[in-house]
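One-based numbering, in listed order, for ligands and for the atoms of each. Predicted, not measured: the structure shown is a model, and the values here were computed from it.
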Amino acid sequence: MLSAIRKLVDQGGLKGASGNSGTSHSESSPDHPHLVPRPARGDPGHSGTEALCERDPVSAGAGAAPPRTDLSSDYRDSGACAGVNLGCGRTLSGKVGSGATVADLHHRLRHRAAAHPRLTSEAWQLTKAHRPASVQGMNVIQADPTGETERHAAIHAATLTLDTHVDIPWPDTPDPAGATTRRVDFPKMQAGGLKSVVFIAFVPQGPLTAEGHAKAGVRAEAMLRAIAATEGDAPLRRRVCTTPDQLESCTAAGDLAILLGVENGYAMGEDLGRLALWRRLGAIYLTVTHDGHNALSDAARPRRDLGDSEILHGGLSALGRAAIQEMNRVGLIVDVSHVARSAMLQAAELSRTPIVATHACCRSLRDHPRNLDDAQLDALRDVGGLIQITAVGGFLRAPHPNGTSAATLADYVDHVDYAVRRIGIDHVGLSSDFDGGGGVPGWEDASMTGAVSAELLRRGYGPRELALLWSGNFLRVWRAALRAAR
Ligand SMILES: [Zn+2]
């Protein structure tokens, strides 16, 4: 079934239900999906409105018509019902609404079910479809006829998954302990088998003044403290982790892991001491710039509106070089996403530990200033570093003429493939940039993380490669950063 959904996604069939447009996943859908307790075997009393979608089940077994994989048109407006098996004796079901497809319904059910914290990723499949009398003659949707979905889900569930760049809304931050409109909250992580996330204290670029620097520093510190404060026990256990060992034991215990990062060295101002402070507050990396040159470095995208010219320092400034040395000393990973090409190559040479682009893509596939060209990829490989391919539509593929994103999960994995072929599986990882512009049809929020693994597995990556991409490589670099700290 996932492959059917993916096919739809590849064809753009989920447009309108998803994408970069910031479409909110409305909880008040006209179809009123509702929780339907699964009837006990032989339970004759299961009828009425609640049971509408439990009646006339279409078995996926013998005697059924050949399964169809293209659901985009067959079931549109059909009023067909479908359910998602929650894996705990309950089924969340709904009806295909007006103008919608089974794939849309599946997406909505998954989103709703993310509020059920006991779910596991294995539960994610559309297990049944039902045909009301009005649509006689429709073929049967057969769930997972080859067992591929289950195999992929099992591998995904056994993998230590880490998303290395996720923003948080600020200053109004919906509590991620419960279901939110954020693309990443703890219920969505649990539902998608996403075990750990680097949440970002992001500071937008401002004027290079003492006042601007002071304000930026205050904001970064407040955001780090706010992220750390999301640690808790109910309804899901989640822990702040500041070392790779903590991350591994946290996730081994079944808890979700909260990691912290700072985006934009602007927040450092000219005070190198803030780097040690952030590390003490739990940060594991600093993105040296955001968009716009700061006191440390030139950025890949100057901010003309802030008066930036193309080049300010010619790469790293003297302060930026000192900052990288200090990051090495305190054990912060150097993140070169957003920095100018010149600065990135200088940082690769200067840093005593491998540098990482925590959220970027490949310039050979999409010519965008935020992406890394082949020479930059080679430089990452040569220093033992990483590119964490990210799910920002505009970095993956040129947009449609009307400006909307044309990228899908397939494009995302194309960039992963490209980087792996260019510099090897040991130098590539995965990130979403959710809640910071990331999200493509097929991978729209943390609850859909399993789809990324499934696509990689379908393309021939095995469990070992999956583990390296999701966290193994990043843990290696992180350990190197901590070993080198003094
Ligand atoms: Zn960013």
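- Classification of D291 and R301 as a salt-bridged pair holds, one side-chain N sitting under 4.0 Å from a carboxylate O.
- Looking at every heavy atom in both residues, V383 comes nearest to A348 through CG1-O, 3.4 Å.
- The number of protein N/O/S atoms found under 2.8 Å from the Zn ion (ligand 1) is 3.
- Residue pairs meeting the salt bridge (charged side-chain N to carboxylate O under 4.0 Å, His left out) criterion with at least one partner in residues 383-407, sequence neighbours excluded, are R397-D411.
- A donor-acceptor contact under 3.5 angstrom links the side chains of Q388 and T164, judged on distance only.
- By the neighbour-count criterion of 12 heavy atoms within 6.0 Å, atom CZ of R304 is densely surrounded, having more than that number from other residues, nucleotides or ligands.
- The pair R219-E263 does not count as a salt bridge, with every side-chain nitrogen at least 4.0 angstrom from each carboxylate oxygen.
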